[in-house]
2 protein chains.
Amino acid sequence: MDQFTNVTVVKKANIYFDGAVTSRTVQFGDGTKKTLGIMLPGEYTFNTGVAEIMEILAGDLQYRVGDSGDWKAVTGGESFQVPSNSAFTMKVATVSDYCCSFLPE
Amino acid sequence: MDQFTNVTVVKKANIYFDGAVTSRTVQFGDGTKKTLGIMLPGEYTFNTGVAEIMEILAGDLQYRVGDSGDWKAVTGGESFQVPSNSAFTMKVATVSDYCCSFLPE
């Protein structure tokens, strides 16, 4: 699916790390939410509330959940899931385009 | 208006200047289109097809249409219009969030 139809888009951007990571919030009729975002090269740590699925639309990065364990490589067309109430770090090698889905509890 | 409802959002980002300017395309039921974008500090020149209204949601920049004439300062809450088939340059001072409306001919 390359577009979302019949959705609500919040105009104001979500801006993190001085603009190196930014996103737009998309709200769906069923009450769920996604963000469509861009990450410039760099290393970023985020905390989750609910679990999230990070779909990488384009770009190359490595991630790991928590602050130990293996770094896993992810590229455009691939996804990874992050548990609720946890931290995950991404080492972004190239400008990366992503879609983050927030999983209802 | 702080959100757009019943719209279609294209998942893939529009990426310019190595990610320094990025946007998402929002399509409306009446066939018109807007983009919601972010500009990092820097200087950027764009060309218009149809006329555009650049609404600055947040941030500070200067712009001018064409390659001569005065630079005009614009900040969050203000807008400027660019004629069709012309070039405009922006000197972006702080991370800027914008909404660009494409005016039907």
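Every heavy atom of this structure was used, including side-chain atoms; hydrogens, water molecules and symmetry mates were not. A, B, ... follow the sequence lines: proteins, then strands. Residue 1 opens every chain.
- By the criterion of side-chain heavy atoms lying less than 4.5 angstrom apart, applied directly or through intervening Ile, Leu, Val, Met, Phe, Trp or Tyr residues, V7(B) is grouped together with F28(A) in one hydrophobic cluster.
- No more than 12 heavy-atom neighbours from other residues, nucleotides or ligands sit within 6.0 angstrom of CG on D70(B).
- Residues I15(B) and V9(B) do not share a hydrophobic cluster, clusters being chains of Ile/Leu/Val/Met/Phe/Trp/Tyr side chains in contact below 4.5 Å.
- For D30(A), the CG atom counts as densely surrounded, since its 6.0 Å shell holds more than 12 non-hydrogen atoms of other residues, nucleotides or ligands.
- Contacts between residues 80-105 of chain B and chain A, counted as heavy-atom pairs separated by less than 4.5 Å, involve V95(B), D97(B), Y98(B), C99(B).
- Following chains of ILVMFWY side-chain contacts shorter than 4.5 Å, one cannot reach V10(B) starting from F4(A), and the two form parts of different hydrophobic clusters.
- Under the salt bridge (Lys or Arg N to Asp or Glu O under 4.0 Å) criterion, K33(A) pairs with no residue at all, not counting sequence neighbours.
- V21(A) and Y16(B) fall within a single hydrophobic cluster, where Ile, Leu, Val, Met, Phe, Trp and Tyr side chains are chained together by heavy-atom contacts under 4.5 Å.
- The part of T22(A) that comes within reach of chain B is its side chain, from C-beta onward, which places non-hydrogen atoms under 4.5 angstrom from that chain.
- Looking only at side-chain heavy atoms (C-beta outward), Q3(B) and Q27(A) come within less than 4.5 Å of each other.
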Taking distance alone, no hydrogens or angles, what donor-acceptor pairs closer than 3.5 Å link side-chain atoms of residues 50-57 of chain A to residues at least two apart or in another chain?
| from | atom 1 | to | atom 2 | distance (Å) |
| --- | --- | --- | --- | --- |
| E55(A) | OE1 | K11(B) | NZ | 3.1 |
| E55(A) | OE2 | K11(B) | NZ | 3.1 |

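- Within residues 35-43 of chain A, the residues approaching chain B closer than 4.5 Å by heavy atoms are, in numerical order, L36(A), G37(A), I38(A), L40(A).
- Per-residue counts of heavy-atom pairs under 4.5 Å with chain A were compared for D18(B), T25(B), V26(B), N6(B); the largest is that of N6(B).
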